[in-house]
Amino acid sequence: MSDTDNEKPKLGMRQPLGVKRTVETGVVKQSFSHGRSNNVVVEVKRARTLRRPGEPEPAAAAPAPATPPAPAPSTPAPQARAPEPRTSPVSPANLLLSRQELQAKLLREAEEARMTALEENRRRDERIRLDAIDEERRRAEERARAAEAPAPATEPAPAPKPEPIVEAPAPAPAPVVEAPAAPEPVSAPTPAPAVAPAPVQAKAPVRAPVAPPAPPPPLTITLDSSLPAPRLFTPVPRPERPRPAPAPTPAPAAAAATPASTNTTAATPSGGLAPKRPGSEPPRPTQRDRKGDDRRTAGKLTVNRALGDGDGARARSLAALKRAREKEHRRMGGPREAQAKQVRDVQVPETITVQELANRMAEKGADLVKTLFKMGMPVTMTQTIDQDTAELLVTEFGHNIVRVSDSDIDLAIETEGDAEATLKARPPVVTIMGHVDHGKTSLLDALRGTDVVRGEAGGITQHIGAYQVTLKDKSKVTFLDTPGHEAFSEMRARGANVTDIVVLVVAADDSIKPQTVEAINHTKAAGVPMIVAINKVDKHEANPQKVREALLQYEVVVEEMSGDVQDVEVSAMKKTGLDTLIEKIQLQAELLELRANPDRMAEGAVIEAKLDKGRGPVATILVNRGTLKVGDVFVVGAESGKVRAMTNDKGQQIKEAGPSMPVEVLGLSGVPRAGDLLSVVENEARAREVAEYRQSVITNKRTTSTPASLESMFSALKDKQAIEYPLVVKADTQGSVEAIVSSINKISTDDIKARVLHSGVGGITESDVTLAGASGAPIIGFNVRPNAKAREIAERQKVAFKYYDVIYDLIDEIRAGMAGELGPEAFETVVGRAEIRDVFSAGKHGKAAGLLVTEGNIRKALKARITRNDVIIYQGEIASLRRFKDDVAEVRAGLECGVTFTSNFVDIKAGDFLETFEVELRERTL
């Protein structure tokens, strides 16, 4: 392939624009043995010369002569010419650059090449200078040794044959140019001129010391006009790496100190001849140590050099420094003393592995296993041992044991009160309790100036509510409104436990009711004072005195009857007697001296909890002591969280809540149980740890089976015989869920048992529908509804939804549904009894019984039983009834008749008794 082939014009085509090709390709065929061959693509690159427009092409260099002519001896040596810059071929990457970019790149490369050359020259000059100093010092030492040696006897000696002078090679890398005269200074640094050979003198074997030669002329460096101007800064010399001192070599002047008894001579450093010792050999050139030679990487810039502190030498690693330091310590310190055994306090839980115990004791695991083997316990490193065995091991190895248990993770209950100096007055917490529909919420509305009753479903309270009322004198009172229905017994008990004063509301026209008695019992159990509020005194049939007398049987004696319990007549509708009630509450609060410490981490109780669709889990918290702030991390029951936001009973956002203040808290991980205690902790990790431990305790309690006993086995058999009625319960608040589940469990009987598969707070979800569909259970929704996806799955799986907003409607329908699951109940009514006197044949195979009716009457088609010795041998129906060969419908007592039975029953004997009865099906009730 050639340029002519590549550049040959094609017919009918325009020649493409572009630069001349510098790479030519061809194919070379390679032949191998056994007939194998291979085609190799070969590229030939030609140098591309860049020149300015208008410049002529450079002429081809003439071929160099085979043998250079010898220079005339009389003419001085020509100066060394600086090498012409070689034009490098243009790389393909440069073809993509513009002229300005290419020019800038070339200038930058030229500047870098110039700086590299300057650095190389500086290093070479430094080496030459150091070599000259070493050479001068060596010559001075040789001259001193020659002067101290004794002069030999002067006898005529035959002139030795002149031998050529062996000179050591010059240390400079450049070739030596010999000249009779001293070289002139040149633009480029050149090595020192070689010493010309001196005439051999045979008569004087030892020459007198001569003056040291003059130092070489200084080197001058001039700038090349063809290169760009140098940079404005001077390159900083890189510090040389410290090298080890060279090994001492035998001095060549030692030969001059010996008498000239041989014909061999050696050249002295001054140029004379000295007698050569027999057997001596010329010094061998020492091998160059390439370990310290950095000429190969002298001009390179690496990352370590750029980021280092100027030292280009490789630094030792940290591990090497550490090993060297430890070795020095061991060498200087001598043998180490035996250290005293360190006694540790080892925390041992209820169960622990051998390896973990060894780690806590800082002992070898094999030693613990060996000790256990000696105790007769063949264990491995990963085997678990109990706390007592671990105590033996810890004591055996001389450590102290600290017993811990899983319950240590839980928060400790603080029983100690706060210091008297930190206590401040707090508002009283008043709980309103009483029977359903006695006017508790209406009384609270009258005190607050609101109308909560209108929003209650069915006109009854089904949630516990917390409110704070600001009185006319700017003092505050916190009220808790509890439900009065019998299903909310736990709510009333919870309200009595967190309160300071209980206001027992009794209707003047209804007197004492079961929930009133229950409220009295809860109040006595909590040990809090009581104030009786007799409501509805504005009605005509109201009789407050009857209420006071009825309270006596429950050991509640009011002040009007010489007791210690305050009472007040009020009317929530007419708003009469409210001021008197407030005064009595304030008086009772002053007697109690209610105080709390607000400057500490908050503690409180959950009054109510629910799952809001938009806000997530929400809990109503009553702060007992301390101050709850936004951002606090807390643990409540088996849930943890961080206070994201707080709202008061009016729905206003607040930043902190002091003692006796009810607030709604957002930021819980789940819906806590009503009545759980809230405690603020240091950080979220501690909160999660405590919550996980409490959740594990609840799970273990639910899943752990009790030991089997005879009673439990019979109870399990009875439970298996009972029909199960599965249910899924979802409600709006946690308190409602508790009330519904407890009421459903009370409905269960020996025949049918209600089983709540799942109960929770919030709307009905897809998982609830899936669970109900798998077990065939209806879903009970109390003030909640399913989402669209849940309704779709329910239609597909035929799951029934039942919605309620009043709890007693829910309980009544569940009771009816469970009764319907059992079916109607059958009741037997005996109609008549008769005695079989004789047996007659009826047809080919049948038999008829002759009867004497003793009680009631015998009717056709009635169900009948035949007993023999009080054992039932047949139960069926009467097929035919005859009297004197006539079919009759009924036979009364005292008459005789004949009967046949269905199923062709023939095992009839005289003396048996017949009993007829009717079966009545009635609806079953629980």
Side-chain angles (χ1 to χ4, degrees), residues 413-418 420 422-434 440-441 443-444 447-448 464-471 473-483 490-506 518-533 556 558-559 563-568 570 578-598 600 602-608 620-628 648-649 657-663 674-678:
I413 300 176
E414 296 185 10
T415 56
E416 298 181 359
D418 297 318
E420 288 291 333
T422 60
L423 299 179
K424 297 181 182 179
R426 64 172 179 86
V429 179
V430 180
T431 301
I432 299 180
M433 303 178 70
K440 299 182 299 298
T441 306
L443 179 60
L444 186 56
L447 293 173
R448 297 176 60 226
I464 187 169
Y467 314 96
Q468 195 168 55
V469 177
T470 302
L471 305 178
D473 57 353
K474 303 301 180 182
S475 62
K476 295 182 178 180
V477 178
T478 300
F479 287 98
L480 297 181
D481 186 16
T482 60
E490 294 183 4
M491 285 190 186
R492 288 190 291 273
R494 196 159 52 243
N497 290 332
V498 300
T499 190
D500 301 321
I501 303 171
V502 171
V503 175
L504 180 64
V505 179
V506 184
E518 181 185 326
I520 294 173
N521 295 332
H522 286 319
T523 304
K524 290 182 178 180
V528 294
M530 180 193 308
I531 299 175
V532 178
V556 177
V558 298
E559 290 180 343
D564 57 350
V565 178
Q566 301 182 78
D567 68 313
V568 57
V570 296
L578 300 181
D579 295 338
T580 307
L581 178 61
I582 293 296
E583 289 177 2
K584 292 182 180 296
I585 292 174
Q586 290 178 333
L587 176 61
Q588 190 67 50
E590 289 179 4
L591 295 176
L592 294 175
E593 295 182 357
L594 303 173
R595 295 188 301 169
N597 180 15
R600 56 163 294 162
E603 293 182 1
V606 179
I607 302 301
E608 191 60 275
T620 301
I621 306 295
L622 178 64
V623 181
N624 295 334
R625 57 179 178 175
T627 302
L628 185 63
N648 57 11
D649 58 324
S660 302
M661 185 173 184
V663 288
D676 288 341
L677 298 179
L678 178 141

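- Of all heavy-atom pairs between T499 and V528, the closest is O-CG1, 3.6 Å.
- Two residues are said to be in side-chain contact when any heavy atoms from C-beta on lie closer than 4.5 Å; N648 and Q468 fail this criterion.
- In this structure, the side chains of I607 and P662 stay at 4.5 Å or more apart for every pair of heavy atoms.
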Could you walk me through whether V606 and T620 pass the side-chain contact (heavy atoms from CB on, under 4.5 Å) check? CA-CA 6 Å; V606 179; T620 301; over 6 Å; no
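- Between T523 and L504 there is no side-chain heavy-atom pair separated by less than 4.5 Å.
- Among all heavy-atom pairs drawn from V570 and A533, the shortest one is CG2-CB, 4.3 Å.
- Contact of the M661 side chain with the R426 side chain is not registered, since no non-hydrogen atoms from C-beta on lie closer than 4.5 Å.
- The CG atom of L628 lies 11.5 Å from the CG atom of L622; values are rounded to the nearest 0.5 Å.
- The shortest side-chain heavy-atom distance between V477 and P428 falls under the 4.5 Å cut-off.
- Atom-to-atom distance recorded for I432:CD1 and I501:CD1 is 11.5 Å, nearest 0.5 angstrom.
- Between I531 and D567, the closest side-chain pair of non-hydrogen atoms is not below 4.5 Å.
- Taken from CD1 in I585 to CG in D500, the straight-line distance is 11.5 Å, to the nearest 0.5 Å.
- Looking at every heavy atom in both residues, V663 comes nearest to A657 through CG1-CB, 3.6 Å.
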Check step by step if side-chain contact (heavy atoms from CB on, under 4.5 Å) holds for D481 and K440. CA-CA 7 Å; D481 186 16; K440 299 182 299 298; 4.1 Å; yes
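- Contact of the Q566 side chain with the L587 side chain is registered, since non-hydrogen atoms from C-beta on lie closer than 4.5 Å.
- Within the 3.5 Å criterion, the main-chain N or O of L480 finds no donor-acceptor partner in the side chain of T431.
- The CD atom of E603 lies 9.0 Å from the CG atom of L678; values are rounded to the nearest 0.5 Å.
- Contact of the D473 side chain with the Q586 side chain is registered, since non-hydrogen atoms from C-beta on lie closer than 4.5 Å.
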Under the side-chain contact (heavy atoms from CB on, under 4.5 Å) criterion, do E420 and R595 qualify, and how do the steps go? CA-CA 9 Å; E420 288 291 333; R595 295 188 301 169; 2.5 Å; yes
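- The distance from atom CD1 of I582 to atom NZ of K584, rounded to the nearest 0.5 Å, is 12.5 Å.
- Heavy-atom minimum distance, P659 versus P427: O-CD, 3.9 Å.
- Looking at T478, its side chain does come within 3.5 Å of a backbone N or O of S660 through a donor-acceptor pair.
- For L447 against F479, the heavy-atom pair with the smallest separation is CD1-CZ, 3.8 Å.
- Between V505 and L443 the shortest heavy-atom distance is CG2-CD2, 3.9 Å.
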